[in-house]
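Chain letters run A, B, ... following the sequence lines, proteins first, then strands; residues in each count from 1. Everything numeric in this text was worked out from a predicted model, so none of it was measured.
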Amino acid sequence: MKKLVILGAGTAGTIVANRFKRVMDLDEWQITLVDPDPIHYYQPGFLFIPFGMYTKKEVIKPKRDYISAPLTLIQSAVEEVDPAQRLVRLANKQTLSYDYLIIATGTDIHPEETPGMAEQEWGKSIHSFYTLETSLKLNQMLHNWEGGRLVVNVVENPIKCPVAPLEFIMLADWHFHKHGKRDRVEIIYATPLSGAFTKPVASRMLGELLERKNILVEPDFMIERVEPDARKIVSYDEREIEYDLLVTIPLNKGAEFIARSGLGNELNYVPVDQYTLRSKAYDNIFVLGDASDAPASKAGATAHFSIDLFTENFLRYVEGHELKPYFDGHANCFIETGFGKGLMIDFNYEQEPLPGRYPLPGIGPLTLLEESEFNHWGKLMFRWMYWHLLLKGMEVPLPSEMSMSGKRLV
Amino acid sequence: MVAKTIAGKTVEVNEEGFMTNPNEWTEDIAVEIAKEEGIPELTADHWKIIHFCRQSAGTSGKAPTLRQITTGTGISTKELFTLFPKGPAKKVARIAGLGKPEGCV
Ligand SMILES: Cc1cc2nc3c(=O)[nH]c(=O)nc-3n(C[C@H](O)[C@H](O)[C@H](O)COP(=O)(O)OP(=O)(O)OC[C@H]3O[C@@H](n4cnc5c(N)ncnc54)[C@H](O)[C@@H]3O)c2cc1C
């Protein structure tokens with residue numbers, strides 16, 4: 001019996017386990033997942049909760065609904081991996097041995113890493129929406145808010161779902177319009193990037209969109225500290241921005257046990273070969289989803305595309321074949337732009353997002369880098385696909401490798 | 001990509017002014033690009049960081065992020081911002097003849 005242990009049963013861990021369940025001979029393989037949290041979160045939904053567009057109920061389900069025999073799920077946290085002995089030590093004192101290990105413990109927010117952030121004003125004038133708890137708190141806050149200056153700040157990149165802060169801002173703009181408060185709200189986006197987004201064409205087009213919506217961008221803003229009583233954020237180069245409401249995307253870091261096990265980089269992400277997602281240090285460890293240092297977008301869509309071709313590659317590999325450099329860094333994201341519209345971007349390691357149509361060249365129905373109502377419905381429909389198809393490891397009718405047809409070079 | 005003459009040497013740069021071939025880099029080029037970036041003189045601390053970045057890129061194939069520089073050199077983020085004002089990771093990468101840091105996707 002060969003042992004495969006999967007650390008983390010979030011998006012990536014659950015999808016890959018269910019894929020394996022379909023294709024592996026489970027008389028020969030024992031598959032064990034480890035995760036301390038019994039709840040599965042639909043994280044893209046956290047974006048909508050502050051505005052009352054989704055409820056808590058719509059974004060959580062028990063993990064057990066998605067992981068069933070012969071897969072085993074142990075509810076405990078990983079304390080340490082010992083790659084030399086091929087052992088995983090858990091918080092419940094259990095020790096698991098493995099032949100192959102998949103690390104899929106994702107990334108999480110760390111507000112305590114920025115001085116002044118997670119102190120007396122946390123949850124009062126300082127909020128986030130990157131976890132269920134913070135997005136619910138922000139919902140209450142926005143409900144009662146009279147207006148003032150809203151500052152949205154990204155502490156440091158990379159973050160998961162790099163477009164989420166922009167979407168939040170555009171949804172906030174819409175929300176305040178709807179409630180007749182927009183004239184009493186000033187919106188500022190303070191970002192460590194030099195523009196609205198990471199890649200040039202998308203950054204320009206998104207930047208123009210923000211301008212039209214009367215949202216101010218403060219670029220190259222690397223936050224050093226929050227002054228919670230004075231209600232201002234201060235950058236390393238001593239720029240100060242005052243706020244009435246601060247919505248932050250705190251530092252994102254991989255799980256602590258990765259550092260403890262000597263497997264991580266300075267942000268606890270595991271260095272991998274970006275085309276095979278195998279650990280650079282150990283040839284029986286793979287890293288899927290947000291937990292690796294691959295220079296792809298940390299997004300559920302990326303995890304899904306990477307897993308599409310991973311399972312078959314892995315099965316060939318354990319039979320002694322070479323790993324194929326199969327993963328092109330393909331990512332695509334719906335971007336909510338407010339007023340019932342959205343746009344979409346599709347890109348990979350090499351190719352930045354461009355305008356055009358997706359997935360059918362010339363037809364769409366989704367429009368790339370252009371607003372449309374269909375994109376907004378696409379995003380809302382995606383929640384259904386996530387719970388009913390994606391997590392169960394079923395095929396989703398989208399190509400996993402990126403295609404250039406349908407895109408316009410600009 | 002365009003050819004550009006810096007410190008008497010013709011090198012390739014991309015549309016954002018980053019050199020595309022780190023092997024074409026010289027210390028004289030660094031001094032010139034630093035001036036373009038508003039740093040009139042490179043001190044020992046500047047050089048320490050530039051050399052660290054080139055070394056790091058030599059092994060990883062890409063320019064280090066801000067956090068990698070602070071972890072790797074022991075120089076604080078605050079100091080980095082004094083040495084290379086506004087966007088130090090990007091600035092030092094350009095001066096060191098490396099591509100733009102990818103820290104953000
Ligand atoms: C606000 C927001 C909006 C988003 N919007 C989108 C979107 O529109 N489109 C998109 O594609 N993506 C989006 N994402 C990103 C997406 O949710 C993640 O990229 C995706 O969930 C990554 O999957 P993962 O399996 O790597 O990590 P996760 O799904 O986060 O799972 C990690 C799992 O590891 C477990 N774990 C952590 N530590 C340990 C430990 N020590 N031991 C054992 N288990 C552990 C956790 O409990 C968790 O279950 C969004 C994210 C956020 C926060």
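- A distance of 6.5 Å separates NZ of B:K78 from CZ of A:R225, quoted to the nearest 0.5 Å.
- Both the backbone and the side chain of B:T77 come within less than 4.5 Å of a heavy atom in chain A.
- From B:Q68, atom CD reaches atom CG of A:L267 across 8.0 Å, with rounding to the nearest 0.5 Å.
- In B:E41, the CD atom is not crowded: 12 or fewer heavy atoms of neighbouring residues, nucleotides or ligands sit closer than 6.0 Å.
- Note that the OG atom of A:S194 and the NZ atom of B:K100 stand 5.5 Å from one another [nearest 0.5 Å].
- From B:S76, atom OG reaches atom CD of A:E224 across 8.5 Å, with rounding to the nearest 0.5 Å.
- Of the atoms belonging to B:L80, not a single heavy atom falls under 4.5 Å from chain A.
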(request) Please assess B:R67 against A:N265 for the test side chain to side chain contact (heavy atoms under 4.5 Å, CB included), listing each intermediate value before the final yes or no. (result) CA-CA 10 Å; B:R67 187 171 284 270; A:N265 68 8; over 6 Å; no
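- Both the backbone and the side chain of A:D237 come within less than 4.5 Å of a heavy atom of chain B.
- With a threshold of 4.5 angstrom between heavy atoms, A:E266 approaches chain B through its backbone and through its side chain.
- Using a 4.5 Å heavy-atom cutoff, the side chains of A:D220 and B:K90 are in contact.
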